[in-house]
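The block underneath contains the structure these notes are about, expressed in structure tokens.
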Amino acid sequence: MASKYDGLARIIIQNVGGKSNIKSITHCITRLRFKLKDESKANTDILKNTDGIVTVIQSGGQYQVVIGNHVPDVYDVVCEHAGISGAASVDDDGPKEKMSAGAALIDIISGVFQPLLSVLCAAGIIKGLLAVWSFVASSVYGIDVTTSGAYEIWNAVGDGFFYFLPIILGYTSAKKFKCSEFIGMALGVGLTYPNMVALKSAEVLGTVFAGSSFAMDYMTDWFGIPVIMPASGYTQSVVPVVLAVYIASKLEKFFKKHIPDVIKTFIVPLCVLGIMMPLTYLVIGPVATVVCNLLTLIFGGLYNIPVVGGIIAGALIGAMWQVLVIFGLHWGLVPLAMINYGSLGYDFILSPYFCVSFAQSAVVLAMILKTKDQKLKDIAVPAFISGIFGVTEPCIYGITLPKKKPFVISCIGGAAGGIITALAGVKSYTMGGLGLFGLPCYIDPNTNSLYSMYWVLISIVVAVAVSFVLTMIIYKEDEVVVKKEISSSASSNGEILVAPIKGEVKALTAVEDKVFSSEAMGKGVAIVPEEGKVYAPADGTISAFFNTGHAIGITTANGAEVIIHVGMDTVQLEGKGFSPKVKQGDVVKRGDLLLEFDIDYIKGAGYSVETPVVITNSDKYMDIIPTDAKKVVNGNDLITLL
């Protein structure tokens, strides 16, 4: 079934280097996150200038295309056209991209958490709303709703999702590490099995690290070796199952290589689970617990520095959170919160980040009130609405970051609110919704205390006030005027592009491919070639030349950005039938031969030879006027730019 995002999806796939260059694709709230075989094949500038794409970021070994709130719909269409099912990856036997340790860690964390993020937030919202219901019922009506059937049923999914999180993480970790998903889930099941969970309340046989923050009791043993478990057990835990699945993936590959095919189906998982379950309880779990406790101690120590601890921690997280979001590095901190939820029942480390989205939104609101630029208002209003519900990428990439000062102001506002949050010792009790939907996460579900939520609201007010006032004072409308003058100057450099190909002229809106006919890439015309040669339509520089030879980008001396795309979907020919005569970076003169192509071969392979000639920076011109001639030869006037 056709989708309104078909054109955008095709543009994205083509400009990340084609289907063959995609190793895997996932998405978060606003971004398509690609793992590409070769990022140098991606046409970042074209993607950044495409309507429907906010910006492109290369970070942490990922090629991130920022779309906005409708990214799930675009993701589905991209997967459909790329032939990738769900969050699957494409088999890749080529050389693996080397990443730094930090980039690899971020890649693992994001790969494990992104697939479940939306449901994780939904479960958190359910828990938060139940906390609100319980508070209102008990404080206003004196009723305990926690024992009602309705509460229990909703709590079964809200709390149950977090309780059995190791099973879910076992699945996503297995997908990430290319291990059997059922082995990953089985390890998660083992960590949450009721009999093992019940050991927490069994008779203590002994304690290791007694008297320290790393103290762990053991209530059973494995052939005489103590089975050490944290006081909270492994329900709701994060790190143990991820580490276990990573090691299991290596074991699975080993056994698949050495066990005969005739018994491989059941012997491989038997060997992996038989080894990994004891190893997880005896080694991986305890080590992960010690590491997690150490991280909590370090961050807790920062908060507990006398007088200045809360100020430093709150200011750092509040000011830097948006910077981390830009590069996708905030994923490195998410497990810290998840660790605290599992071991402490609450988190305090990331609490200062909550006010940041409101600071960003306040900056945008002030800009809306000050600006006279209608185009900016058209972008800013929906971005503001998105921001107050916690999704700030449209605000950041579309408005504040390009203008620099507003983004810095939002960081200052976030720091101010973060300091309030940290000094008050605010705690969140679940990982829930963003923006306004996240407020219930700060209600203590055990005591119905609103202490943390009150202080979060105060921090939001402070962050909003600081951001709004500073923007009203500092942001100047003349920044917009300057940009308009630049645009006017650019559009005044009109020119005439000559026909690069001999053939019949067609309206661009009449071509088969919606990418071009919708004019999503820009305005222009199409030519049905009668001769397999492409010439330069103006003096300029070859800004892009696809390695498949089917498309050429040229930036003219006067600033027009032109794409000549020979045929429809001819990227699939992988260069067959095309003979480039120039290369990217070459300076050319009008009429220089750029490319030869075999019309008969392309048609014989089942592809149309309709050739769009598109001005990708059409918005820089007051008008783009195509020729009214039915046929052209090389050198005839084709498009007039005003």
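- Put simply, the side chain of L47 reaches to within 4.5 Å of the side chain of Y63, judged on heavy atoms.
- Taking OG1 from T235 and CZ from F164, the interatomic distance works out to 8.5 Å, rounded to the nearest 0.5 Å.
- We find the CG-OH distance between L439 and Y454 to be 12.5 Å, quoted to the nearest 0.5 Å.
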Trace of the side-chain contact (heavy atoms from CB on, under 4.5 Å) decision for Q322 with T400: CA-CA 11 Å; Q322 294 175 102; T400 61; 5.8 Å; no
Can I get a per-line list of side-chain donor-acceptor pairs under 3.5 Å for residues 459-470, giving both atom names and the distance, sequence neighbours left out?
residue: S459; atom: OG; partner: T421; partner atom: OG1; Å: 3.2
residue: S459; atom: OG; partner: V456; partner atom: O; Å: 2.7
residue: S467; atom: OG; partner: A463; partner atom: O; Å: 2.8

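- Across all their heavy atoms, V426 and S351 have their closest contact at O-OG, 3.1 Å.
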Donor-acceptor pairs under 3.5 angstrom involving side-chain atoms of residues 311-318: please list them, not counting sequence neighbours.
none

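- Using a 4.5 Å heavy-atom cutoff, the side chains of L350 and W321 are in contact.
- Considering only residues two or more places apart in sequence or on other chains, Y281 meets the ring pair (Phe, Tyr, Trp, His ring centres under 6.0 Å) condition with Y234.
- Taking CG of N49 as the reference point, atom NZ of K620 lies at 8.0 Å (rounded to 0.5 Å).
- Rounding to the nearest 0.5 Å places OG1 of T146 at 9.5 Å from CH2 of W133.
- Nearest heavy-atom pair, T371 versus K377, reported as atom, atom and distance to 0.1 Å: O-CE, 3.1 Å.
- The closest donor-acceptor contact from the side chain of S134 to the backbone of L130 lies at 3.5 Å or more, if one exists at all.
- The shortest heavy-atom contact between V56 and I53 is CG2-CG2, 4.4 Å.
- Of the possible donor and acceptor atoms, none in the side chain of K178 sits under 3.5 Å from a partner among the backbone N and O of S249.
- The ring pair (Phe, Tyr, Trp, His ring centres under 6.0 Å) check on Y442 picks up F354, with sequence neighbours excluded.
- I420 places a side-chain heavy atom less than 4.5 Å from the side chain of W455.
- Every residue two or more places apart in sequence or in another chain was checked for a ring pair (Phe, Tyr, Trp, His ring centres under 6.0 Å) with F135, and none qualifies.
- The backbone N or O of L169 lies less than 3.5 Å from a partner atom in the side chain of T172, making a donor-acceptor pair.
- I399 has its side chain out of reach of P406: every pair of non-hydrogen atoms, C-beta onward, lies at least 4.5 Å apart.
- Partners of Y246 by ring pair (Phe, Tyr, Trp, His ring centres under 6.0 Å), not counting sequence neighbours, listed by chain and number: F177.
- Under the 4.5 Å side-chain criterion, counting only non-hydrogen atoms from C-beta, F34 is in contact with I12.
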Could you go through Q62 and K35, starting from their C-alpha distance and side-chain angles, then the distance that decides it, and tell me whether this counts as side-chain contact (heavy atoms from CB on, under 4.5 Å)? CA-CA 5 Å; Q62 294 182 337; K35 289 292 294 295; 4.1 Å; yes
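- G184 and A174 make their closest contact through CA-CB, 4.3 Å (heavy atoms, listed as atom of the first residue, atom of the second, distance).
- Summarising the geometry of I368 relative to A380, their closest heavy-atom pair is CG1-CB, 3.5 Å, with the distance given to 0.1 Å.
- Here the side chains of Y171 and V245 are not in contact, with every heavy-atom distance at 4.5 Å or above.
- Contact detail for Q360 and S410: the closest heavy-atom pair is NE2-OG, 3.1 Å.
- Using a 4.5 Å cut-off on side-chain heavy atoms (C-beta onward), K175 and P115 make no contact.
- Looking at I388, L365, V364 one by one, the single match for side chain to side chain contact (heavy atoms under 4.5 Å, CB included) with C395 turns out to be V364.
- In this structure, CG in N15 is found 4.5 Å from CD1 in I46, a value given to the nearest 0.5 Å.
- The backbone N or O of K427 sits less than 3.5 Å from a side-chain atom of S452, completing a donor-acceptor pair.
- In this structure, T471 and M367 have side chains that are in contact, with non-hydrogen atoms separated by less than 4.5 Å.
- Of the inter-residue distances, the one linking Y451 atom OH with D444 atom CG reads 12.5 Å to the nearest 0.5 angstrom.
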